[in-house]
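Written out below as C-alpha cells is the structure these notes cover.
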Amino acid sequence: MLDIKLIREKTDFVRERLATRNAGDEKKLDEILALDEQRRKILNEVEQLKATRNRVSKEIGALMGQKKTAEAEAKKTETRQIGDKISELDKQVAEAEQKLEAVLLQIPNLPNEKVKIGKTSEDNPEIRVWGQKANIEFKPKTHVELCEKLKLVDFARASKISGSGFLLYTNWGARLERALIQFLLDLHTTEHKYTEVSPPFMVNRDCMTGVGQFPKFADQYYGVQEGADTSTFGKLFLIPTAETPVANIHRDEILKEAQLPIYYCAYTPCFRGEAGAAGVGTRGMIRVHQFDKVELIKITKPENGYDELEKLLANAEKVLQLLGLHYRVVQLCTGDMGFASALTYDIEVWAPGQNQYLEVSSCSNCEDFQARRMALRYKNEAGENKFPHILNGSGTALARLFVALVETYQQEDGSVTIPAALQPYLKTDRITA
RNA sequence: GGAGGGGUGGCAGAGUGGUCUAUUGCGGCGGUCUUGAAAACCGCUGUGCGGGAAACCGCACCGGGGGUUCGAAUCCCUCCCCCUCCGCCA
C-alpha cells in the first residue's frame with residue numbers, strides 16, 4: 001500500500017513512477033485524492049460534533065450526580081440531534097474510507113528509481129552470467145523423457161489422481177526432491193544464517209492481502225472449504241508461496257530496532273491456480289499447480305534494504321553454484337515487475353533439454369509496501385515507529401531446479417550423475433534406470 | 001461436534017452505565033540523592049487518524065464488527081481467537 005500522505009504531497013512523483021509500470025494505475029490517483037479530500041472534510045466536521053457531545057455528556061453526568069434531573073433532561077434533549085448528525089456523518093466517513101482503501105489496495109508499489117524503464121521481459125537487463133551452457137556431446141533428452149526412463153515422476157498417474165498440472169514423484173525422483181529440500185535448508189540455515197520456520201500451508205485473507213496477492217489477484221489462488229459447509233469457503237487459501245505466511249509472521253506488531261534484521265527461511269509446497277497461464281496443460285514440470293520451494297524472507301531497516309537484497313540474491317545464487325548449474329541474473333524492468341515489488345532480480349537456470357533458461361528464483365525488495373498493508377513497524381532509537389523493508393526471494397523453486405539438474409547432468413547412457421554437494425543428501429552419485 | 005471459562009496498555013491484573021483523565025503492581029525511560037551503583041523518592045509511559053510551521057489541540061481504539069443510550073471497557077446481537085473437560089481423530 002502506498003502512503004496516502006506521499007500521494008497527497010508528491011502527487012506528480014507518484015504519478016510518474018506508477019506510469020513506468022505501463023499499466024495505467026496512475027489514472028486512479030485523481031479518484032484517490034478526491035476520496036481523501038472528501039474523507040478529511042467530513043471527518044473534521046464529525047470530530048468537532050463528537051467533541052461537543054463528549055463535553056455535554058460529561059456535564060449531564062455531573063448534573064445527575066448533583067440530582068439536578070430536570071437540567072440533565074434538558075441537555076439530553078438538546079444533544080439527541082447531535083447524535084443523529086454524528087451517525088449520519090460517521091457513515092459517510094466510513095464509506096469514503098472503504099472506497100479509498102479499496103482503490104489503494106489495487107495500486108501497485110512504486111518501482112525504485114534504480115529500475116530500468118521498460119515494457120516486457122525483453123527489456124530486462126542482464127546483470128551477470130555464471131558458468132556456461134553444459135557441453136553435451138549427444139542430443140540432450142528433455143526432463144520428461146529422463147523422468148519417464150528413470151521412473152522419477154509418474155505423470156500419467158499424477159493426472160489420474162489430481163488432473164493435469166500435478167506431479168507424482170516416485171522412488172529416486174521423490175528422494176531427489178527430498179534431498180534438494182534438505183540441501184537448501186541446510187545451506188541457508190548454517191551458511192547464510194537464516195532461521196528456519198515451518199508455517200501453515202493455508203492462510204487467511206489478511207495474509208493474502210498483507211503481501212499483495214489480494215484483492216487484485218484473488219482468481220489466481222486456491223480457496224478451501226471445510227467439508228460440505230459452503231459458508232467456510234474462502235476463509236482459508238492454499239499458499240502460493242511461503243512468502244505469504246512467513247512475511248506475515250510479525251503482522252500487526254511493533255518490533256524493537258535491535259530485532260532487525262530478521263532472516264527467515266522456510267520450505268513449503270506452493271499452490272497456484274495458474275489461470276490463463278500458458279503451459280499448465282502440457283506435460284512436464286515447468287508450470288504446475290503444486291511445486292516445492294524454499295523461500296527466503298528478510299525484514300530490515302529501510303537504509304539496509306538494498307544491501308540486504310544483494311546478499312539475499314547471492315544466497316540464492318549460491319545454490320546453483322554449489323550444484324554446478326549455469327545461470328544468469330536479470331533485473332526486471334518496470335513493466336515486468338510484480339505488484340508489490342520495488343526492485344526484482346530473477347535468477348534463470350539453464351535447462352539443456354528445454355534449450356532455454358528457466359526462472360528458479362525471484363528476489364525482491366518490496367520496501368515498505370507490504371509492511372504498510374500488514375501494519376508491521378519497528379520502533380527506532382528516537383522512539384518513532386517506522387515501516388521496515390520486507391524482502392523475499394526463492395532459494396530456490398524446486399520443480400524447475402529438478403528439471404535443470406537432470407537435464408544438465410544427463411549422460412549418454414540415460415543415467416543422471418549427482419553433483420558432489422548433493423551426494424551426502426541423496427546418498428548416491430548417480431541415478432540409473 | 002458437545003459443555004464450561006476467558007480475551008483490558010510491554011507484562012501481570014482491577015474495573016459491570018457517568019461525577020477524575022481506564023485502579024494498582026511490575027518492567028522501561030528521565031530525574032533527585034551517591035565517588036559509582038543499589039535502595040528510596042519524584043516525574044513520565046500505547047496505537048492510529050485529523051488539524052497545526054511548531055508547541056499543542058481534537059477524535060477514535062479495552063479481541064473484530066454492529067446495536068441501545070445524552071454517555072459503553074461495562075448492557076444487547078454477531079463473528080473470531082484462547083483455555084479446561086468430553087467425544088471423534090493422525
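Chain A is the first sequence line, chain B the second, and so forth, proteins listed ahead of strands; every chain is numbered from 1.
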Next item on the list: Select from A/Ala62 and A/Glu97 the residue whose nearest nucleotide in RNA chain B is closer to the 5' end of that strand.
Entry: A/Ala62

Notebook entry, point to check: Is there a side-chain polar atom (N or O) of A/Asn204 under 4.0 Å from OP1 or OP2 of B/rC80?
Noted result: no

Checklist line | Listed nucleotide nearest any side-chain atom of A/Lys50, set B/rG48, B/rC59, B/rG18 | finding: B/rC59

Note to self: Taking the C1' atom in each of B/rU24 and B/rC89, what is the distance between them to the nearest angstrom?
What the structure shows: 46 Å

Margin query: Between B/rA14 and B/rG7, how many Å separate the two P atoms, rounded to a whole number?
Written below: 9 Å

Notebook entry, point to check: Salt bridge or not for A/Arg40 and A/Glu37, using N-O below 4.0 Å?
Noted result: yes

Margin query: Please classify the nucleic acid contact of A/Leu63 as base, sugar-phosphate, or nothing, using heavy-atom distances under 4.0 Å.
Written below: nothing

Check: Considering Watson-Crick and G-U wobble pairs with both distances under 3.5 Å, what does B/rG30 pair with?
Finding: B/rC42

Checklist line | Counter-base of B/rU69, judged by Watson-Crick or G-U geometry with both distances under 3.5 Å | finding: none

Checklist line | Integer angstrom distance from the P of B/rG25 to that of B/rU78 | finding: 40 Å

Note to self: In whole Å, I'd like the distance from the NZ atom of A/Lys256 to the C1' atom of B/rG10.
What the structure shows: 7 Å

Checklist line | Under 3.5 Å on both distances, the Watson-Crick or G-U partner of B/rA53 | finding: none

Checklist line | With A/Ser362, the side-chain hydrogen bond (donor to acceptor under 3.5 Å, both in side chains) member among A/Asp346, A/Asn392, A/Thr396 | finding: A/Asp346

Check: When you check the side-chain N and O atoms of A/His188 and A/Glu196, is any donor under 3.5 Å from an acceptor?
Finding: no

Margin query: Whether the A/Thr344 and A/Ser364 side chains hold a donor-acceptor pair (N or O, under 3.5 Å, no angle test) is what I'd like checked.
Written below: yes

Next item on the list: Let me know the distance between NZ of A/Lys379 and P of B/rG10, rounded to the nearest Å.
Entry: 9 Å

Check: Whole Å only: how far is the CD1 atom of A/Ile82 from the C1' atom of B/rU69?
Finding: 14 Å

Check: Can a salt bridge be assigned to the pair A/Asp368 and A/Lys386 using a cut-off of 4.0 Å between side-chain N and carboxylate O?
Finding: no

Notebook entry, point to check: Can you find a side chain N or O atom of A/Lys58 that sits less than 4.0 Å from OP1 or OP2 on B/rU21?
Noted result: yes

Checklist line | side-chain N/O A/Asn385 vs B/rG48 OP1/OP2, d < 4.0 Å | finding: yes

Check: If you look at every strand shown and take non-hydrogen atoms under 4.0 Å, does A/Leu43 touch a base, only sugar-phosphate, or nothing?
Finding: sugar-phosphate

Notebook entry, point to check: Within less than 4.0 Å of OP1 or OP2 of B/rG71, is there a side-chain N or O belonging to A/Asn54?
Noted result: no

Next item on the list: Rounded to whole angstrom, note down the C1' distance from B/rG43 over to B/rG48.
Entry: 27 Å

Margin query: Regarding A/Lys75 and A/Glu59, does a basic nitrogen lie under 4.0 Å from an acidic carboxylate oxygen?
Written below: yes

Notebook entry, point to check: What integer number of Å spans the P atoms of B/rA54 and B/rA73?
Noted result: 31 Å

Check: Rounded to the nearest Å, what distance is computed from the CG atom of residue A/Leu255 to the P atom of nucleotide B/rG46?
Finding: 18 Å

Notebook entry, point to check: OP1, OP2 of B/rG51 versus side-chain N and O of A/Arg40: anything below 4.0 Å?
Noted result: yes

Item checked: Nearest-nucleotide 5' precedence on RNA chain B, A/Ala51 against A/Lys76 -> A/Ala51

Notebook entry, point to check: In whole angstroms, how far is the C1' atom of B/rA60 from the CG atom of A/Leu49?
Noted result: 15 Å

Note to self: Need one value for A/Thr79: base, sugar-phosphate or nothing, where a base atom within 4.0 Å counts as base even if backbone is also close, heavy atoms only.
What the structure shows: sugar-phosphate

Note to self: Give me the distance, rounded to whole Å, that separates B/rU8 from B/rG4 when you measure between the C1' atoms they each carry.
What the structure shows: 22 Å

Note to self: Using atom P in both nucleotides, what's the gap between B/rU21 and B/rA60 to the nearest angstrom?
What the structure shows: 13 Å

Next item on the list: Record whether the side chain of A/Glu47 comes under 3.5 Å of the base of B/rG50 through a donor-acceptor pair of N or O atoms.
Entry: no

Check: Taking the same atom, C1', in B/rU74 and in B/rG67, what whole-Å distance lies between them?
Finding: 15 Å

Notebook entry, point to check: A/Lys5 near the nucleic acid: base, sugar-phosphate alone, or nothing, with a heavy-atom cut-off under 4.0 Å?
Noted result: sugar-phosphate

Check: Paired with B/rG1: which nucleotide, if any, by Watson-Crick or G-U wobble criteria at under 3.5 Å for both distances?
Finding: B/rC86

Check: Taking atom P of B/rG58 as reference, at what distance in whole Å does atom CG of A/Asp90 sit?
Finding: 19 Å

Notebook entry, point to check: When we call it a touch if two heavy atoms are under 4.0 Å apart, what does A/Arg8 touch: a base, just sugar-phosphate, or nothing?
Noted result: sugar-phosphate

Next item on the list: Write down the distance between CZ (A/Phe387) and C1' (B/rG48), rounded to a whole number of angstrom.
Entry: 10 Å

Note to self: Pairing check on B/rC59: which nucleotide meets the Watson-Crick or G-U wobble criteria with it, both distances under 3.5 Å?
What the structure shows: B/rG48

Next item on the list: Compute the ring centroids of A/Phe271 and A/Phe201, then answer whether they are less than 6.0 Å apart.
Entry: no

Item checked: Qualifying residue, where the test is side-chain hydrogen bond (donor to acceptor under 3.5 Å, both in side chains) with A/Lys301 and the options are A/His389, A/Glu308, A/Glu257 -> A/Glu257

Next item on the list: Output yes when at least one side-chain N/O atom of A/Arg53 is less than 4.0 Å from OP1 or OP2 of B/rU69, else no.
Entry: no

Note to self: Does the structure show a Watson-Crick or G-U wobble partner for B/rA37, both distances under 3.5 Å? Name it, or say none.
What the structure shows: none

Next item on the list: Return the value, rounded to whole Å, for the distance between atom CE of A/Met64 and atom P of B/rU19.
Entry: 12 Å

